[in-house]
Amino acid sequence: MAVSSAFLGKVKLALRISSTSFDSQINDLIEAAILDLTKFADIKTFTTTDADALQTNAVIAYVSYNWFKDEKYLTAYNNLKMQMSTSSHYRPEVVEDV
């Protein structure tokens, strides 16, 4: 999956990084976050060009935890992930056969 430069910029801003030296590592962490989120929410159509605020913040929290190794980011990520997993917006509609 390709990470848009605008989305990468948002994550780098959250990390307070302006250098391009770490772009590859940050890009890998963004992709890992998206893959992890797909286990808990139906975001298979997630793209970094149309991510909503909840998706963006979850990715930033995941990347921040892996970057800084600070538990507060892991807690934030898990809370956002839980919100996504329980929201009807991120779950496919189930149609029961009658």
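Of the possible polar contacts, one joining the Gln55 side chain to the Asp52 backbone as a donor-acceptor pair under 3.5 Å is found. Between the side chain of Ser64 and the main chain of Ile60, a donor-acceptor pair closer than 3.5 Å is present. Judged purely by atom type and a 3.5 angstrom limit, Thr56 has no side-chain atom pairing as donor or acceptor with the backbone of Ala53.
Applying the side-chain hydrogen bond (donor to acceptor under 3.5 Å, both in side chains) test to residues at least two apart or on different chains, the pairs with a partner in residues 10-26 are Lys12-Asp23, Ser19-Ser21. Listed by first and then second residue, the side-chain hydrogen bond (donor to acceptor under 3.5 Å, both in side chains) pairs involving residues 71-81 are Asp36-Tyr77, Asn78-Lys81 (not counting sequence neighbours). Applying the salt bridge (Lys or Arg N to Asp or Glu O under 4.0 Å) test to pairs two or more places apart or on separate chains, none has a residue in residues 54-65.
The two residues Leu35 and Thr38 make their nearest non-hydrogen contact at O-OG1, 2.6 Å. Considering every non-hydrogen atom in both Leu37 and Ala58, the closest pair reads CD1-CB, 4.0 Å. Summarising the geometry of Val59 relative to Val11, their closest heavy-atom pair is CG1-CG2, 4.5 Å, with the distance given to 0.1 Å.
Ile26 and Leu13 are members of different hydrophobic clusters when ILVMFWY side chains are connected at heavy-atom separations under 4.5 Å. Tracing side-chain contacts under 4.5 Å through hydrophobic residues (I, L, V, M, F, W, Y), one reaches Phe22 starting from Leu29; they form part of the same cluster. In the hydrophobic cluster analysis, where Ile, Leu, Val, Met, Phe, Trp and Tyr join through side-chain heavy atoms closer than 4.5 angstrom, Ile30 is grouped apart from Phe40.
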Evaluate side-chain contact (heavy atoms from CB on, under 4.5 Å) for Tyr62 paired with Leu80, printing each intermediate quantity in order.
CA-CA 10 Å; Tyr62 180 95; Leu80 291 164; over 6 Å; no
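With sequence neighbours excluded, no residue forms a salt bridge (Lys or Arg N to Asp or Glu O under 4.0 Å) with Lys69. Qualifying ring-ring contact (aromatic ring centres under 6.0 Å, His included) partners for Tyr65, counting only residues two or more places apart in sequence or in other chains: none. For Thr49, the side chain to side chain donor-acceptor pair (under 3.5 Å) partners at least two apart in sequence or on another chain are Thr47.
Between Thr48 atom OG1 and Ile34 atom CD1 the span is 6.0 Å, to the nearest 0.5 Å.
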